There are 2 protein chains.
Amino acid sequence: MPRPTIQDVARAAGVSKSTVSRVLNGVEDYVDANTRRQVEKAIAELEYRPNALARSLITKRSLAVGLLISDVANAFYHPVIHGVEQIAIEAGYDTFLCNTNYEVERGLHFIRSLMSKNVDGVLIMSSSVSDEWIAELARHNVPTVALDWKPNISEGPLGVIAVDFAAGIQQAVEHLVNLGHCRFVHVAGPLNLPTSLLRYEAFLRALAWHDIPAADVALLEGNLQFEGGQRVLTRLLELSPRPTAVFAANDLTALGLISGARERGLRIPDDLSVVGLDDIALADQSSPPLTTIRLPKLEIGRSAMQMLLTLMHSDGAACPVHEALVKSSFVERQSTAAPRS
Amino acid sequence: MPRPTIQDVARAAGVSKSTVSRVLNGVEDYVDANTRRQVEKAIAELEYRPNALARSLITKRSLAVGLLISDVANAFYHPVIHGVEQIAIEAGYDTFLCNTNYEVERGLHFIRSLMSKNVDGVLIMSSSVSDEWIAELARHNVPTVALDWKPNISEGPLGVIAVDFAAGIQQAVEHLVNLGHCRFVHVAGPLNLPTSLLRYEAFLRALAWHDIPAADVALLEGNLQFEGGQRVLTRLLELSPRPTAVFAANDLTALGLISGARERGLRIPDDLSVVGLDDIALADQSSPPLTTIRLPKLEIGRSAMQMLLTLMHSDGAACPVHEALVKSSFVERQSTAAPRS
DNA sequence: GCCTGCTCTGGGAGCGGTTTCAGAAACCGC
DNA sequence: GCGGTTTCTGAAACCGCTCCCAGAGCAGGC
């Protein structure tokens with residue numbers, strides 16, 4: 001048998017559906033205590049649960065938000081997801097998690113799908129973002145919060161969680177320089193992503209501060225994934241002169257590099273010092289435990305969702321782009337050491 | 001401005017909304033080639049996208065399914081999720097991923113939420129399932145596929161992906177016995193879960209086959225998570241006589257055991273042989289690489305979604321519970337060795 | 001006794017789509 | 001030229017809910 005509707009409840013309680021709706025939404029609205037009890041009884045007996053679709057069709061709010069990430073398998077996202085869910089559940093929102101699989105096209109597909117489902121807001125945590133996504137959302141006035149993305153758009157209910165990589169990178173560089181390293185390589189994320197360049201530049205700036213010229217810093221392109229790190233190690237070994245320290249755009253890449261190094265018989269950190277970025281849960285379980293730059297992942301998720309809530313509730317009021325800044329910090333473990341020579 | 005509706009498109013194209021609806025659904029329905037072109041033009045110009053809510057309110061299908069898992073951070077689920085998504089996207093379905101966080105209550109919350117959103121089906125991959133969930137779904141006739149769960153319910157559109165643990169466990173036991181082990185311990189999942197007992201019993205059976213009595217097999221309870229493995233190691237060390245080989249209910253537990261062992265200065269595999277179950281991606285990156293029993297995770301995801309599609313399409317036809325069996329297999333790595341004595 | 005105001009309830013329009021039904025127009029064979 | 005198909009289109013009902021509006025009943029003030 002099909003689910004009971006509000007009409008069925010009304011019939012069972014001997015009232016009109018308007019009245020049922022009133023007790024359902026339980027606002028400060030006149031409804032007699034007796035009637036209320038009757039309706040509640042009918043609801044319980046029929047195990048009635050309102051149809052969220054019909055409801056949000058008319059109210060224009062779905063109590064749901066979309067969360068776009070690159071890939072669930074990327075451990076960086078796990079605390080982020082938890083953070084988002086903590087705040088979301090607390091506020092009565094559901095989250096739709098979407099794996100873009102690092103593909104811009106697929107992300108767009110999800111954004112359209114989410115919009116057609118009338119989500120109240122969207123969180124974009126995927127590393128490969130496209131301006132087109134944001135534009136599509138802004139055009140239709142969907143509150144949006146993006147992680148680590150400088151939007152070209154200034155209109156629309158848009159928030160940004162900016163990451164201050166500089167502080168952590170600065171400390172990491174200091175650590176490496178103190179150990180005696182002078183030939184560096186950075187394994188970046190896809191170079192078409194603004195964030196990839198930002199991290200690279202922050203690295204260069206920190207090195208320049210220690211009088212190490214950009215010419216002594218090689219740049220290789222990875223894909224932010226484990227196997228990308230494994231693959232790129234081959235190219236790293238072909239560099240001449242051979243770098244003694246590598247800074248990877250994220251921990252997954254760093255762990256891939258370590259794995260690739262082990263396969264080729266290299267010893268970490270003796271033959272090569274490796275620094276990651278993110279501080280995923282695996283980082284201190286790997287061998288050797290990974291020296292890395294920590295991002296406050298849970299906080300990123302929490303404050304992103306918090307910001308989205310603000311955006312969604314202050315609706316209409318054309319506000320400037322919201323922005324929050326989160327800090328990075330350095331974590332020393334055992335994947336870095338003084339160079340051998 | 002708000003999203004355009006079908007009415008706007010109709011106006012722009014100079015037709016009625018019935019006609020727009022017809023070209024939208026593009027079925028074998030009479031609509032003049034010229035009118036069709038005009039409507040399509042209007043759709044493109046307005047960037048019209050149908051409201052999925054309104055649509056599914058009347059059609060009773062949402063082209064969406066729910067996917068319940070215990071925790072995104074559990075790597076076992078990553079290939080499963082990928083598998084589900086592969087098939088789902090192909091068939092035009094969206095998936096709503098829900099983290100039950102190993103909590104039965106939270107799972108029920110999600111199931112209700114999914115049902116109120118009119119999902120067409122639900123996949124239950126969460127390890128902590130409750131019969132109440134399945135009952136709730138069955139009562140409302142929602143097609144459901146569960147992983148590794150013997151349902152008490154025989155009515156309703158229900159499918160089950162059963163895992164044949166026996167084969168893999170058998171091989172693992174053979175491996176351990178051949179190495180010379182004779183004192184075993186099993187670290188199970190929560191003992192209120194049927195699947196925990198099934199794995200334990202399969203382990204006992206395999207050992208009995210080699211004339212090892214159940215009395216020589218200790219049982220400890222974990223929680224299927226990493227830190228559960230770490231914690232339980234303390235209790236493992238208190239066992240007397242000290243076991244030489246441990247079989248964990250899943251890889252996460254096994255890795256937690258290894259981590260706990262390292263902290264206490266134990267050497268794996270010399271002081272203790274460890275066998276996991278799942279073969280998650282981490283398993284061959286850990287140190288030492290984990291000997292484990294592989295589950296075909298991608299296939300589990302794919303065939304679960306495939307089965308769900310079948311269930312959803314053969315709607316109404318009261319069929320018996322569908323069932324598919326997937327096999328497990330043994331993977332030897334370096335966390336097992338002959339006992340020292 | 002009448003008006004005002006407050007409390008409570010039901011009717012009904014409408015959210016944005018789909019689908020049934022009926023009717024208009026064109027075509028066809030005789 | 002006329003009945004009968006076939007092709008095309010629009011009107012209207014409906015999905016399950018919310019919410020506006022009007023009205024009923026009752027208390028209180030004059």
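Please read all numbers here as calculations on a predicted model, not as lab measurements.
Applying the side-chain hydrogen bond (donor to acceptor under 3.5 Å, both in side chains) test to Asp8(B) and every residue at least two apart in sequence or in another chain returns Arg11(B). Asn118(A) pairs by the side-chain contact (heavy atoms from CB on, under 4.5 Å) definition with Arg3(B), Asn51(B), Leu53(B), not counting sequence neighbours. Residues forming a side-chain hydrogen bond (donor to acceptor under 3.5 Å, both in side chains) with Gln7(B) (at least two apart in sequence, or on another chain): none. Annotation: side-chain contact (heavy atoms from CB on, under 4.5 Å) contacts of Pro190(B) (sequence neighbours excluded): Asn192(B), Leu193(B), Ser196(B), Glu221(B), Leu224(B). Scored by the side-chain contact (heavy atoms from CB on, under 4.5 Å) test, Ile58(A) finds no partners at all (sequence neighbours excluded). Remark: Ala52(B) engages Ser116(A), Lys117(A) in a side-chain contact (heavy atoms from CB on, under 4.5 Å) (not counting sequence neighbours).
When only modelled atom types and interatomic distance are considered, Tyr77(B) and Ser70(B) share a side-chain donor-acceptor pair under 3.5 Å.
Atom CZ in Arg11(B) sits roughly 13 Å away from atom C1' in dG16(C) (whole-Å rounding). Between the CG atom of Leu63(B) and the P atom of dG17(C) there is a distance of 15 Å, rounded to whole Å.
In the helix from dG1(C)-dC30(D) to dC30(C)-dG1(D), the terminal helix axes, each the rotation mapping four pairs' C1' atoms onto the next four within five end pairs, subtend 60°, rounded to 10°.
Pairs passing the salt bridge (charged side-chain N to carboxylate O under 4.0 Å, His left out) check and including a residue from residues 69-86 of chain A, sequence neighbours excluded, read Glu85(A)-Arg106(B).
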Quiz item: Where along nucleotides 7-23 of chain D does protein come under 4.0 Å, by heavy atom, of base (B) or sugar-phosphate alone (S), with - for untouched nucleotides?
Solution: SBBBBB-BBBBBB----

